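Everything below concerns the one structure shown next.
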Amino acid sequence: DSWISGVNYSYVIPVNSMQKVWDEIEWDIVSLGYKFGMGSTINGEFYSWGRNLSSQLGLGKPSTFVKFTSPKIYMGEIQNITTGDQQAGIINIDGKLRMVGSNDQGQLGTGAPDFNIPKQLDWEPEITSDVIKEVKVTKTETQILSKNNSLWAYGENNYAQLGRGGAFTVAENFSVQEIQDKSNWDEIFAISETVYAFKQNGTLWAWGRNDEYQLGTGSISENGFEKDPVQIFYHSKDPNTPNGGPVLKSQILDFSPVNGGFAFINTDGELFAAGANFYTGKWFPLPRPRKIGIDSDWSKFHDFIGSEIN
């Protein structure tokens, strides 16, 4: 008999007491990895369940999670099963070893991992590779701009950076979906947990993490993030006016997110920035974009996004 207790990742439901599951199955071996499990029966049947982001369930393709499945592994009688973080090893009665799952560090023992070789990606039927215009990959999520000016995203969503109307942790975060704002988007920039995008009309919008002014909206967000795109305006020099004019793509020569905010060079060669720390060498936040220094010969940024550190 098999019993469970703990966090049931497949449905993100805590299970605080022992519960009997699959009582019609006569289990012989059960092994639990990180948010997935495998087992075999006394009759030689093989089962797997849970997270499958690295194809560790033996189904031949990745998926967010699987409730319960019986992949065809064709190994005969199973003697041992061991499960790890995102991979598993299975040994049959003849001593044959089969490895399955993540191989980004070569941990399956099969030589160079497939992930080191560029591959074409398709997210059918949602979005196919032939309509992708631009992709931004950060440490926490991937943002995709299509040729029909729609935005799609998947990955972590702790600060509502996926544009799905809130910050929440569910398995569906790792499946590509179009963001809720169906505006005509023109260009996208992203750094972990924050997103900046220009619409077809040239206006700049931002969403995601905003607990240190990193979005440039003029204030820190109540929950530490903005769940919906917010338009970005310049800092106002008039104390009676809450904001200056809109930031427009037509006036920008180069734009880059940085760790804690963003910066851009306008067509006059002037440097502007907004976010956590851009002034006088100490923590002096800039709630909205404002000019930095007096020089007017700036032309290009280098490796702000690549490092995600400074």
Side-chain angles (χ1 to χ4, degrees), residues 115-165 172-210 214-217 225-232 246-267 272-275 289 299-309:
F115 297 119
N116 288 342
I117 303 172
K119 293 185 175 182
Q120 179 172 315
L121 296 178
D122 271 329
W123 293 280
E124 296 182 0
E126 291 82 2
I127 181 173
T128 57
S129 60
D130 61 320
V131 300
I132 294 175
K133 177 181 178 181
E134 190 175 14
V135 175
K136 300 296 184 183
V137 180
T138 76
K139 289 182 179 180
T140 54
E141 69 279 332
T142 297
Q143 306 283 342
I144 305 163
L145 175 64
S146 75
K147 293 178 182 177
N148 60 8
N149 307 118
S150 60
L151 280 181
W152 302 70
Y154 65 93
E156 294 184 11
N157 194 41
N158 297 336
Y159 294 92
Q161 62 263 40
L162 298 186
R164 301 183 182 182
E172 287 76 12
N173 289 347
F174 297 94
S175 298
V176 65
Q177 292 182 21
E178 187 176 2
I179 72 170
Q180 287 189 356
D181 190 321
K182 302 299 191 294
S183 302
N184 287 323
W185 299 98
D186 184 63
E187 190 171 10
I188 186 170
F189 298 87
I191 198 167
S192 292
E193 301 165 343
T194 54
V195 185
Y196 311 90
F198 290 96
K199 291 187 177 183
Q200 287 279 296
N201 63 8
T203 55
L204 176 64
W205 299 71
W207 62 96
R209 186 170 184 174
N210 193 41
Q214 48 265 71
L215 295 187
T217 60
F225 62 85
E226 290 292 339
K227 64 183 183 65
D228 300 309
V230 178
Q231 186 174 356
I232 307 304
V247 177
L248 299 175
K249 182 180 178 180
S250 60
Q251 301 170 352
I252 294 177
L253 180 65
D254 196 11
F255 183 99
S256 181
V258 298
N259 185 26
F262 64 93
F264 61 87
I265 300 169
N266 68 10
T267 52
F272 285 76
S299 62
K300 186 176 178 58
F301 295 123
H302 294 276
D303 197 29
F304 274 173
I305 302 176
S307 64
E308 290 208 16
I309 296 176

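Predicted, not measured: the structure shown is a model, and the values here were computed from it. The residues of the chain are indexed from 1 along the displayed sequence.
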Just checking F264 against F272, ring centres under 6.0 Å apart?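 Aromatic pair counts; centres sit under 6.0 Å.
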
Centroid separation F198 to F255 less than 6.0 Å: yes

Look at the side chain of [X] and the backbone N and O of [Y], then say whether any donor-acceptor pair between them is shorter than 3.5 Å.
{"X": "W185", "Y": "S150", "answer": "no"}
{"X": "Q143", "Y": "Q161", "answer": "yes"}
{"X": "N210", "Y": "E226", "answer": "no"}
{"X": "D254", "Y": "F301", "answer": "yes"}
{"X": "E141", "Y": "E193", "answer": "yes"}
{"X": "R164", "Y": "A153", "answer": "yes"}
{"X": "T138", "Y": "T140", "answer": "yes"}
{"X": "S146", "Y": "I132", "answer": "no"}

For K300, look at atom NZ and say whether over 12 heavy atoms of other residues, nucleotides or ligands are found less than 6.0 Å away. no

No-hydrogen, no-angle side-chain donor-acceptor test under 3.5 Å, S192 and K139: no

Does the side chain of L248 come within less than 4.5 Å of T203's, by heavy atoms?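 Yes; the side chains approach each other to less than 4.5 Å.
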
Taking the six-membered ring of W207, is the NZ or CZ of K227 close enough (under 6.0 Å from the centre) and on axis enough (within 45°)? no

Compare every heavy atom of A190 with every heavy atom of P257, then report the nearest pair and how far apart it is.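 Answer, listing the atom of P257 first, then A190: CG-N, 3.9 Å.
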
Under a 4.0 Å threshold between the charged nitrogen and the carboxylate oxygen, would D186 count as salt-bridged to K249?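 Yes, charged N to carboxylate O under 4.0 Å.
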
